[in-house]
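Below: one structure, written as structure tokens.
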Amino acid sequence: MTHGLFDVDGKVALVTGGTSGIGQMIARGLVEAGARVYVSSRKADACAAAEAETGAVGIPADLSSEDECVRLASEIGAREDRLHLLVNNAGATWGAPLEEFPAHAWDKVLDLNLKAPFFLTRAFLPLLEAAASVDDPGRVINIGSIDGLRVPEAPNYSYSASKAAVHQLTRVLARDLGPRRITVNAIAPGPFPSRMMRATLEEAGEEIAESAPLGRLGQPSDVVGATLFLAAAAGSYVTGAIIPVDGGIWTTR
Ligand SMILES: NC(=O)c1ccc[n+]([C@@H]2O[C@H](COP(=O)([O-])OP(=O)(O)OC[C@H]3O[C@@H](n4cnc5c(N)ncnc54)[C@H](OP(=O)(O)O)[C@@H]3O)[C@@H](O)[C@H]2O)c1
């Protein structure tokens, strides 16, 4: 019964923002596990570098607009007749004190972190449904954040709000897409080394690691393990879940 529970061999996956940080960790892990993986981000050179480094296929797109989300779905639709797994990972943040927090930092962050997962999920529905069955549903994984579960220390107003909203969108879409044999779950990471986290971790990395009951930062196997669970047979009866992968920070701090 346990044979193949975490198997994603032969599945087709898209990881947005798969050219850097957590997205790249997930893309690499899925390729290693035998999936055919697409990654997407704005920069063509980052997509080309990710192809060389991870073995995924890179397709550049600026996912902060619905048109680009739709174009990406049609480009992948021209190459594949099914998509088993959509990982909505691309994200951006912004930090500024309350009095100085600019209006465009709301637009930039909400367009990418919240609206893109909605537009992408909708645009990929035909391909996800084509891959889906009762026993092996299509899968959507949204990358949220523990900053959408707790009140964050940093003044990242639009970011933490976008992540709380993406968790709620996950639950709403889980209800709507369950009958269409598609699961929708979120992973809420704690601190992982990445471009987004570089300055924060340079300044306070040790302190942040020590704040976790497990005493360290996240590493690639942590987020890949959660992805494999949600993407493979092991996770076929899980939908609408928000899974913190954070060394225990959210529960205890
Ligand atoms: N690292 C952490 O500790 C942490 C913790 C909690 C949650 N998260 C979440 O994890 C996800 C990945 O974050 P990360 O830390 O790995 O960040 P990262 O290293 O900065 O990677 C972000 C990725 O998103 C892409 N991207 C940015 N803007 C885009 C756009 N408009 N269209 C398409 N792609 C775009 C970037 O590529 P281009 O620049 O080429 O577009 C890059 O591939 C985010 O949703 C983030 O909120 C991270």
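Order of listing sets the numbers, starting from 1, for every ligand and every atom in it. This is a predicted model, so every value here is computed, not measured.
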Just by modelled atom types, is the [Y] backbone N or O under 3.5 Å from a matching donor or acceptor in the [X] side chain?
{"X": "N113", "Y": "A92", "value": "yes"}
{"X": "T54", "Y": "E51", "value": "no"}
{"X": "T19", "Y": "A46", "value": "no"}

Measure the distance from [atom] to every protein heavy atom, then report the residue, atom name and distance (to 0.1 Å) of the closest one.
{"atom": "atom 36 (C) of ligand 1", "result": "R195 NH2, 3.5 Å"}
{"atom": "atom 13 (O) of ligand 1", "result": "M196 CE, 3.9 Å"}
{"atom": "atom 44 (C) of ligand 1", "result": "N89 O, 3.2 Å"}
{"atom": "atom 15 (O) of ligand 1", "result": "S194 OG, 2.5 Å"}
{"atom": "atom 40 (O) of ligand 1", "result": "S41 OG, 2.8 Å"}
{"atom": "atom 47 (O) of ligand 1", "result": "Y159 OH, 2.6 Å"}
{"atom": "atom 19 (O) of ligand 1", "result": "S20 OG, 2.6 Å"}
{"atom": "atom 3 (O) of ligand 1", "result": "F192 N, 2.8 Å"}

Could you establish whether [X] and ligand 1 come within less than 4.0 Å of each other, counting only heavy atoms on the residue side?
{"X": "P193", "value": "no"}
{"X": "G190", "value": "yes"}
{"X": "Q24", "value": "no"}
{"X": "P60", "value": "no"}
{"X": "I143", "value": "yes"}

Ligand-residue contact atoms, ligand 1 with [X], heavy atoms, under 4.0 Å:
{"X": "S145", "answer": "6 (C), 7 (C)"}
{"X": "P191", "answer": "3 (O)"}
{"X": "D62", "answer": "30 (C), 31 (N), 32 (N)"}
{"X": "G21", "answer": "16 (O), 19 (O)"}
{"X": "M197", "answer": "1 (N), 2 (C), 3 (O)"}

For H104, all residues meeting ring pair (Phe, Tyr, Trp, His ring centres under 6.0 Å), sequence neighbours excluded:
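With neighbours one apart ignored, the set is W94.
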Return the option from [options] holding the heavy atom at the smallest distance from [atom].
{"atom": "atom 48 (C) of ligand 1", "options": "I146, I22, D45", "answer": "I22"}
{"atom": "atom 7 (C) of ligand 1", "options": "G18, G144, A50, G91", "answer": "G144"}
{"atom": "atom 33 (C) of ligand 1", "options": "S64, A61, G17", "answer": "A61"}
{"atom": "atom 26 (N) of ligand 1", "options": "G148, S65, A90", "answer": "A90"}

Among L120, I141, L63, V166, find the residue that satisfies the side-chain contact (heavy atoms from CB on, under 4.5 Å) test when tested with N88.
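The passing option is L120.
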For ligand 1, does [X] get within less than 4.0 Å through its side chain, its backbone, both, or neither, judged by non-hydrogen atoms?
{"X": "T19", "result": "both"}
{"X": "P189", "result": "both"}
{"X": "A92", "result": "neither"}

Min N/O separation K43 to ligand 1 under 3.5 Å:
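Yes, K43 has an N/O under 3.5 Å of an N/O on ligand 1.
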L63 to ligand 1: N or O pair under 3.5 Å?
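Such a contact does occur with ligand 1.
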Do the non-hydrogen side-chain atoms of V140 and T183 ever get within less than 4.5 Å of each other?
no
Residue pair [X] / [Y]: nearest heavy atoms and the distance that separates them:
{"X": "I146", "Y": "A188", "answer": "CG2-O, 3.7 Å"}
{"X": "V8", "Y": "A231", "answer": "CG1-CB, 4.0 Å"}
{"X": "G247", "Y": "P213", "answer": "O-CD, 3.1 Å"}

Is any side-chain N of the basic residue among [X] and [Y] closer than 4.0 Å to the acidic one's carboxylate O?
{"X": "R150", "Y": "D147", "value": "yes"}
{"X": "E129", "Y": "R82", "value": "no"}
{"X": "E210", "Y": "R216", "value": "no"}

In sequence, state the C-alpha distance, the side-chain angles, and the governing distance for S41 and T16, and then conclude on side-chain contact (heavy atoms from CB on, under 4.5 Å).
CA-CA 6 Å; S41 79; T16 70; over 6 Å; no
Do the rings of F229 and F6 sit parallel, tilted or perpendicular, given the 30° and 60° boundaries?
tilted
Scan for salt bridge (charged side-chain N to carboxylate O under 4.0 Å, His left out) pairs involving residues 4-33, sequence neighbours excluded, and state none if there are none.
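Output for this query lists K11-D136.
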Working for side chain to side chain donor-acceptor pair (under 3.5 Å), residues Y38 and E80:
CA-CA 11 Å; Y38 292 85; E80 304 286 346; 2.6 Å; yes
